[in-house]
Structure formats: C-alpha cells, structure tokens
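First the proteins, then the strands, lettered A, B, ... as listed; each starts at 1. Predicted, not measured: the structure shown is a model, and the values here were computed from it.
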Amino acid sequence: MTDLTELGVAAIREGVAKGDFTAVEVAEAFNANVAAAQGSLNAFIVATPEAALEAARKVDADRAGGKALGKMAGVPIGMKDLFATRGVQTTAASHILEGFTPQYESTVSQKLWDAGAGMLGKLNLDQFAMGSSNETSYFGNVVSPWRRAGGDNAPLAPGGSSGGSSAAIAARLCPAATGTDTGGSIRQPAAFTGTTGIKPTYGRCSRWGVVAFASSLDQAGPMARSVRDCAIMLEAMAGFDPKDSTSLDLPVPEWEAGLSANLAGKKVGIPREYRMDGMDAEVAKSWDDGIAWLKDAGAEIVDISLPHTKYALPTYYIIAPAEASSNLARYDGVRYGLRDLPDGANLQDMYAATRAAGFGDEVKRRILIGTYVLSAGFYDAYYTQAQKVRTLISRDFEAAFGHCDVILAPTTPTAAFALGENSDDPLAMYLNDVFSVPASLAGLPAMSVPAGLNSQGLPLGLQLIGKPFDEQGVLNAGLAIESRAGFTAKPEKWW
Amino acid sequence: MSVDTATVAKIASLARLKVTEADLAAMVPELNGILAWVEQLGEVDVTGVEPMTAVIPNHLRLREDAVTDGGIRDAVLANAPAPEHGFFGVPKVIE
C-alpha cells in the first residue's frame, strides 16, 4: 500500500473522495509520524491526534452519506502555534502565554476546519514569530530534518519563524501547514527545507485570532510540498473578514483552477540590486537556473531596478519592533497568561516582573528598540523616517511592475545554517531576510519554491514576487519553476 | 545616536520590563549595534515623501451601530491568572 504520508494535499483529497483510502487512515498515518519524530525534531509544541481523527471521521461520514466534501476534505494539517484554537493551548512559543487556552477560534483556522481539514497539532515557531532560525522558542529549538551531506551531523536550522511548519512538512509529519510571514517567515523556512510557501497580498487572509507581531506586515499563508497544494490551501484560508479592519473585501479567486505553467507573453523582472557583492556562488547559480526555466516557459526576461533595496532591512527593523512594542503591551499579567507577583509588589511592579519573566531575550530586545524609536524626541528621526522610506520601497516595486509581471530573486542569501551559528549576533541573523523583507514592506504576494540542492546537499529556494492581488501570477511562475526544477529530494530519515 | 545605561533603563521602564544591572550591561552594546545600523536610513532623501499609512489601498469600514457580541463574562475571564468575583484581580492600587 502507498505510504499515505508521502502524499500531498491534492492527492489526499482525491484519494479520500474516490475511496482509495479513508480520511481516518490518513490521519492515523500522520499522527504516527508526528509522535515518532517529536523527540528528535521538536516540530510541535502540542500534538492533537484526537482532533485529527475527529475531523477525519466526519469527512468519512460525510462521504458515506453522499454529502459534498470541502476543498481540504480529509487533509490533516499542522497549525502554527500563533493561531488561536478553541480549547487547545496557544502560546506563540512564549512562556508568557504558556497554558493560554483560547475560548475562540481564529478566522483562518476555522475556515480550514470548515473546508474539511483536521488538526495534527500546534507547531513550534520563533517566540512571537521573532526570529529566522526557530531558536527563540520557549519550547526549544526545532531541528531541521535535513543534514549536510558527508557525515557532518550538525543540527541545522529549519528557518523561522515558521520553523515547526517547514520541518514538519519536509519530514512528512504533515502534508501542509499554516505559516505567517512578517518579514519572510513563510518564505525563508520554506527555502531552508525544500518546501513551498506563499505569503499572499496583505489583507487576503484575516489576522483575527492570530497573535499579533507587527500588524501592518503580518500575513498568514500556506506551506506545503507543491505549488498546487499551496493554491488549494490558500483558497481555503483567504477571504473577507469583517473582524479584521485591514481585511480585503474581495472575492477569493479560483487559484487552483487558474494554474498554468505557460508564461508566454509574461515578463519576468530580475532586480539588479539583489545581485549583491560576495553573493553565494551556488545561490547565484540557482537564480540563473530559474531565469533559464522561466525563459523556457515562454517568459521574456527583463532587467529591473529596485533602488531602495539596501534600505529595506533597516526600515523593517524600525517598523516591526515599533509595532511589536505596541502590540505586546497587552501582556500585563492581568487578563490572561503568566502573572509574576513578587511579595509586596504593586501593580507597576507586577507588570514589569511578569513581562521580564514571560518574554525571551529577542522579544525583549525588539520591545526595547520599538519603545525607543517611538519615544518622544526620537519618533520622527526613526519611525517617521522609516515609514517614508517604506513609501519609497513600495514605489520602487510599483515602477518595476510597469515593466514586468512578476519578479524572480533568490529567497535567502545562503542555504540553511547550523543551529547556534548566528544566535550570538542579532544583526547577522537579521541579514537572512535581506531578500524577503522588501516584498513584505510593500504588502506584495511572494512565494518560495525549491530550486535544487547545493553542493552540501541542502535545498535552495527561489522567490517570486507579484503585483498586489496577483497571487495567480506568482503561483503560475512558481509552477513553471517547479515543473522544470524537478525537485524530488527529501531528507534522509534519521529521526 | 547611541544609548547609555541610563537611557536603556529608562526605555525598559517605559516598556514595563524589569531589568537587572547585568541585563543592562549586555543590552547597551546590542542596542547600539542595531541603532548604528538603522542610522543609514538618515541618508535617504525623503523630501516630499509621505510616510506609509496603508500598504495596500483600503478604506476603513463602518459597521452598523448595534450590539453584536457580549454576555460572555466567564469566557473572557477563563484565562485570567487571578479572577475574583467575576472581575480581573490586580494588586491594590489605592493606599
């Protein structure tokens, strides 16, 4: 019999619908993989095998009863532990939210359950989604299932912040998972693990019930092992939500039905500023491969310029911490989460003690930076200046899209690094997001697809950035790469 | 611009984060490293450029002025660390 855990979203949905196997069999197979890998990969904070089975039983019963099945019927998924799930602990990988059990369900997760998906568990991540290596989680590092070729068994980073999601998908613990992307948190982990993920246009997926990091940047999206699976899952996740004031009141396109790898008549822009001095030669080579593949798919390649690229990261590291310091003010030890009340402490002491005990170092660092750049006397020099430069970065893309339909670039400057390699130097870690942050600042849809393996046997990703609302253009270019890259590599099982 | 120990202590107090002397000593160089790096934004000419307010053009909606939620006190208090008599409990704030 087929190993059900090798199947993706489309194949599972089709097999369940045709009766080749039951949804319960699928859920059992993935539940077993989740349990077996937990000690080695630490991809999940909480496993919910019963929730997966219950959703599967309902799908099997609906099918037996001749009822219509949803877009994700019978597909068990991992849920990043940033989405509030009713009755299931939701922590954002923080101590301050340890034990927090939401009384409500996030809009995106509810939509997935309504579409017939089931929950395998809550996936580990960087604390409050702040990190690029999944080393800031209160619940321990996630270890990538990938290892360098040649016997070096150094544990590698699965990327971040959606590192539990990327590791779980690559290790076949789930066929797909939710991610969230603030500055690259879907795309960078996808690139590090040979998986596929898309951040849609800002506002496509509701932020309601998603633990907030930087509200003007946060956007949910799917991660999976193919472009088609991402298209299916994004359709299930997206849609207008009156409970999110920045939700886009637009119909959800039929992205799956619209998939086409034929790019005849399309122009693909290659941003010259992304070809940086000292660029990793293998990353540069995979970018050239991508250009050749898109040409082969019928696209015309054009040179474009995004002049403010070098300012995107510093802009991001003012705006994101500023918004984070404001959003995280809600953790006060009063309404939910941890409370630390030293003997004889007053209310102010309790706030300060609770927050000191409940937040990790990176979270504190960003709260302090954010508080500083928003403080009286510094606001204009830092925050207002950053918001102006953000306008210029957005205009760069607008001008470039006058000459092309979609942009191709690497997702990350290097392949996955070892755990611990960058964790002593916050700036070195931040530089990982150099290629992903600009599209985030402009709210654009962007995805990462695997391009191949480097000489160490580690995956490299290519990034596609589209015009606002043009997820279809991004998915189609992604499909053109996917069908030519022929990426079938998977990590050799050691866990 | 760079920060010293006193400034970081002030920021931490504004952010309601209790920090020890040792924390402060470690944080000062880290924050200065980050601040020195973001300073480069100062060189960008932003004459006549409006600060970004909405990344994707959207308009803020008004909804009908009607009660659409409420009556869920117990659910609201369910995760409170110290609820009392149907309220959030806090240390005494009046002397």
Side-chain angles (χ1 to χ4, degrees), chain A residues 100-104 201-203 216 242 245-246 248-249 308 311 314-315 317-318 325 329 332-339 341 345-353 355-356 359 364-365 367-369 371-372 375 378 381-382 384-392 394 426-427 441-443 468, chain B residues 1 3 7-8 10-20 23 26-27 30-31 33-61 63 68-69 72 74-83 88-93 95:
Chain A
F100 172 65
T101 308
Q103 305 293 301
Y104 54 90
T201 308
Y202 180 79
S216 78
S245 64
T246 58
L248 292 168
D249 191 358
H308 295 90
Y311 299 110
T315 299
Y317 276 98
I318 289 175
S325 72
D332 57 5
V334 173
R335 291 162 299 158
Y336 39 77
L338 184 74
R339 161 178 292 196
L341 181 58
N346 65 24
L347 184 63
Q348 298 296 337
D349 298 335
M350 183 192 83
Y351 292 151
R355 292 162 61 80
F359 292 136
K364 288 179 190 168
R365 193 176 289 132
I367 289 175
L368 290 174
I369 292 280
T371 305
Y372 182 66
S375 62
F378 300 103
Y382 288 111
T384 308
Q385 179 74 8
Q387 289 289 35
K388 287 179 177 173
V389 178
R390 186 176 184 183
T391 299
L392 293 173
S394 186
L427 278 179
L441 287 169
Chain B
M1 280 169 270
V3 292
T7 310
V8 177
K10 173 79 171 31
I11 304 165
S13 154
L14 287 172
R16 299 293 183 273
L17 282 173
K18 187 175 153 191
V19 287
T20 63
D23 294 336
M27 284 168 175
E30 270 177 11
L31 297 189
I34 296 167
L35 290 170
W37 173 68
V38 299
E39 295 284 300
Q40 58 177 300
L41 289 188
E43 73 195 43
V44 182
D45 180 2
V46 292
T47 314
V49 177
E50 286 295 312
M52 172 78 77
T53 50
V55 68
I56 299 293
N58 205 343
H59 63 278
L60 285 176
R61 302 174 296 275
R63 69 168 175 83
T68 57
D69 203 352
I72 50 167
D74 291 348
V76 170
L77 289 172
N79 281 286
F88 294 113
V90 293
K92 196 167 78 168
V93 290
E95 299 303 326

Engineer: Listed by chain and number, what are the ring pair (Phe, Tyr, Trp, His ring centres under 6.0 Å) partners of A/Y372, not counting sequence neighbours?
Structural biologist: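 Checked A/Y372 against ring pair (Phe, Tyr, Trp, His ring centres under 6.0 Å); matches are A/F378, A/Y382.
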Engineer: Considering all heavy atoms of both residues, which atom of B/P81 and which atom of A/G333 are nearest to each other, and what is their separation?
Structural biologist: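 For B/P81 and A/G333, the tightest heavy-atom pair comes out as CG-O, 3.3 Å.
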Engineer: Measure from the side-chain N and O atoms of A/S394 to the backbone N and O of A/A442, and report whether any donor-acceptor pair falls under 3.5 Å.
Structural biologist: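 Not at all, since once roles are kept as given, no pair shorter than 3.5 Å links the two residues.
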Engineer: Among B/V8, B/L41, B/I72, single out the residue with the greatest number of heavy-atom pairs under 4.5 Å to chain A.
Structural biologist: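 If we count pairs closer than 4.5 Å to chain A, B/L41 comes out on top.
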Engineer: Is it the side chain or the backbone of A/L427 that comes within 4.5 Å of chain B heavy atoms, both, or neither?
Structural biologist: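 Interface part for A/L427: side chain.
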Engineer: Sub-3.5 Å donor-acceptor pair from the side chain of A/Q103 to the main-chain atoms of A/T101, do we have one?
Structural biologist: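 Indeed, once roles are kept as given, a pair shorter than 3.5 Å links the two residues.
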Engineer: At a 4.5 Å cut-off on heavy atoms, which part of B/Q40 comes close to chain A: side chain, backbone, both, or neither?
Structural biologist: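 Contact with chain A involves both backbone and side-chain atoms of B/Q40.
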Engineer: Checking B/V3 against chain A: side chain, backbone, both or neither under 4.5 Å from a heavy atom?
Structural biologist: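 For B/V3, side-chain heavy atoms alone lie under 4.5 Å from chain A.
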Engineer: Check each atom of A/L347 against the heavy atoms of chain B and say whether the ones under 4.5 Å are side chain, backbone, both or neither.
Structural biologist: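 Backbone plus side chain of A/L347, per the 4.5 Å heavy-atom cut-off to chain B.
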Engineer: At a heavy-atom separation under 4.5 Å, does A/S216 approach chain B through its side chain, its backbone, both, or neither?
Structural biologist: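 Answer is backbone: N, CA, C or O of A/S216 sit under 4.5 Å from chain B.
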Engineer: Return the minimal non-hydrogen interatomic distance between A/L248 and A/Y202, and the atom names on each side.
Structural biologist: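 Result for this residue pair: CD1-O, 3.4 Å.
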Engineer: Tell me which of these, B/A80, B/P51, B/A82, has more heavy-atom pairs under 4.5 Å with chain A than the rest.
Structural biologist: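 Heavy-atom pair counts peak at B/P51.
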Engineer: Non-hydrogen atoms of chain B under 4.5 Å away: do they reach the side chain of A/A381, the backbone, both or neither?
Structural biologist: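 Interface part for A/A381: side chain.
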Engineer: Quick check on the interface: out of B/L14, B/V44, B/V19, who has the most heavy-atom pairs with chain A under 4.5 Å?
Structural biologist: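 With the most close heavy-atom pairs to chain A, the winner is B/V44.
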Engineer: Top residue by heavy-atom pair count (under 4.5 Å) with chain B, among A/R355, A/M350, A/K364, A/Q348?
Structural biologist: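 Among A/R355, A/M350, A/K364, A/Q348, the one with the most close pairs to chain B is A/R355.
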Engineer: Select one option (side chain, backbone, both, neither) describing which atoms of B/T20 are under 4.5 Å from chain A's heavy atoms.
Structural biologist: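 B/T20 has no heavy atom closer than 4.5 Å to chain A.
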Engineer: Does any N or O in the side chain of B/K18 come within less than 3.5 Å of the main-chain N or O of A/D349, such that one atom is a donor and the other an acceptor?
Structural biologist: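 No, B/K18 side chain to A/D349 backbone: no donor-acceptor pair under 3.5 Å.
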Engineer: With a 4.5 angstrom heavy-atom cut-off, which part of B/D23 approaches chain A: side chain, backbone, both or neither?
Structural biologist: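 No part of it gets close to chain A.
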Engineer: Which pair of non-hydrogen atoms, one from A/I367 and one from B/A15, has the smallest distance, and what is that distance?
Structural biologist: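 Taking every non-hydrogen atom into account, CG2-CB, 3.7 Å.
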Engineer: For A/P468 versus B/I56, what's the shortest heavy-atom pair and its separation?
Structural biologist: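 Where A/P468 meets B/I56 most closely, the heavy atoms are CB-CD1, 4.0 Å.
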Engineer: Mind checking what makes ring pair (Phe, Tyr, Trp, His ring centres under 6.0 Å) contact with A/Y311, not counting sequence neighbours?
Structural biologist: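 A/Y311 satisfies ring pair (Phe, Tyr, Trp, His ring centres under 6.0 Å) with no residue once adjacent residues are dropped.
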Engineer: What option among B/E39, B/R16, B/K10 has the most heavy-atom pairs under 4.5 Å with chain A?
Structural biologist: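 The residue among B/E39, B/R16, B/K10 with the greatest pair count is B/R16.
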